[in-house]
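We use all heavy atoms of the structure for the numbers below, so side chains are in, but hydrogens, waters and symmetry mates are not.
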Amino acid sequence: MAKNTPQPKKDAPAGTTVSRRDFLALGAGALGLVGLLQTGGMALQFLAPRRVDGEFGGVVSAGPAESFPPGSVTEFPDGRFFLARAADGGFLAVSRRCTHLGCAVSWHAADEQFACPCHGSHFDLIGDVQNPPAPRALDTYPITVRDGALLVDTAQAQQRDSFAPEQLVYV
Ligand code: FES
């Protein structure tokens, strides 16, 4: 038998071969693991996207549909989107994030276009590219209607290459 192999004490129950040193090492390891898991959990919680209703990342109530005339664009700065209402009455919640490199676009009512200040991309009212380098239409967010109010869920942007009529939401 090896010299360093711990031996059970004579009065210890059968099967208990863990030395005091090993027991302490196991305990320290378990405590270390608990600490690591706790720290990792806190880091994940910190890095996870915040989801607060009423602002970007959560559900934003845009108000009643009749507040928005056809052909209008209304900015919701806290939600980081524009609510666009097409001429036929359909709604789109258009992200303000340019699809080129992510700058914030702004709405220019006189030109009826979204313009990106960084590299000059332009988009029309429904977010289609009118002037590159933006490679695709502005992203959109899902719209639902509850008690007559339009609700925009900004948790997950919907990517699209270009506008399609089925993207419009009707009340
Ligand atoms: S980030 Fe908008 S055009 Fe480059």
Side-chain angles (χ1 to χ4, degrees), residues 32-171:
L33 184 62
V34 167
L36 195 65
L37 289 173
Q38 196 171 18
T39 304
M42 286 167 44
L44 283 176
Q45 196 173 22
F46 178 76
L47 295 173
R50 264 180 8 124
R51 188 173 168 86
V52 178
D53 286 346
E55 57 186 62
F56 182 71
V59 175
V60 177
S61 177
E66 58 269 21
S67 305
F68 308 98
S72 68
V73 171
T74 306
E75 184 172 12
F76 288 81
D78 289 346
R80 303 184 196 172
F81 69 89
F82 296 88
L83 188 67
R85 190 167 196 186
D88 72 350
F91 286 96
L92 267 182
V94 180
S95 169
R96 73 177 186 189
R97 187 177 187 277
C98 179
T99 53
H100 180 222
L101 293 177
C103 293
V105 302
S106 55
W107 174 246
H108 296 256
D111 304 327
E112 296 195 337
Q113 288 195 332
F114 295 100
C116 180
C118 292
H119 311 99
S121 288
H122 286 180
F123 308 83
D124 63 13
L125 182 140
I126 46 182
D128 258 344
V129 178
Q130 299 299 297
N131 187 52
R136 57 184 178 75
L138 294 170
D139 295 341
T140 61
Y141 294 108
I143 299 174
T144 54
V145 182
R146 191 190 311 148
D147 300 329
L150 299 168
L151 302 176
V152 178
D153 187 349
T154 61
Q156 187 71 50
Q158 302 167 317
Q159 291 190 0
R160 56 188 180 147
D161 289 331
S162 59
F163 170 73
E166 57 268 21
Q167 294 165 0
L168 290 169
V169 174
Y170 295 90
V171 177

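When the shell of 6.0 Å around CG of D161 is examined, it contains 12 or fewer heavy atoms from other residues, nucleotides or ligands. Heavy atoms from other residues, nucleotides or ligands lying under 6.0 Å from CD of E66 number more than 12. The environment of D88 atom CG is dense: over 12 non-hydrogen atoms of other residues, nucleotides or ligands sit within 6.0 angstrom.
Atom CG of residue N131 and atom CZ of residue F123 lie 9.0 Å apart, to the nearest 0.5 angstrom. To the nearest 0.5 Å, the span separating CD1 on I143 from CZ on F81 amounts to 8.0 Å. Here CG of L92 is found 5.5 Å from CZ of R160. Values are rounded to the nearest 0.5 Å. With rounding to the nearest 0.5 Å, the separation of CG in D128 from CZ in F114 is 11.5 Å. Between the OG1 atom in T74 and the CG atom in L83 there is a gap of 6.0 Å [rounded to 0.5 Å]. Between the CZ atom in R97 and the CZ atom in R80 there is a gap of 10.5 Å [rounded to 0.5 Å].
For the pair D153 (side chain) and A155 (backbone), a donor-acceptor distance under 3.5 Å is present. Judged by distance alone, the side chain of S61 and the main-chain N or O of L151 form no donor-acceptor pair under 3.5 Å. No donor-acceptor distance shorter than 3.5 angstrom exists from the side chain of Q130 to the backbone of A115, with no hydrogens or angles considered.
Smallest separation of non-hydrogen atoms from V105 and F82: O-CZ, 3.6 Å. Closest approach of Q156 to P142, counting heavy atoms only: O-CD, 3.8 Å. Taking all atoms of both residues into account, the shortest heavy-atom contact from L125 to V94 is O-CG2, 4.5 Å. Taking both residues in full, the closest heavy atoms of G79 and T154 are given as O-CG2, 3.6 Å, listed atom of the first, atom of the second, then distance. Between A134 and H100 the shortest heavy-atom distance is CA-CB, 3.9 Å.
Using modelled atom types and a 3.5 Å distance limit, the side chains of S106 and H108 yield a donor-acceptor pair.
L150 has its side chain within reach of V171: a pair of non-hydrogen atoms, C-beta onward, lies under 4.5 Å apart. Within the 4.5 Å cutoff, the side chain of S121 has no heavy atoms near those of the V129 side chain.
Between F68 and F91, the ring-plane angle classifies as perpendicular under the 30° and 60° cut-offs.
As summarised for C116 and C98, their two SG atoms remain at a distance no smaller than 2.5 angstrom, missing the threshold.
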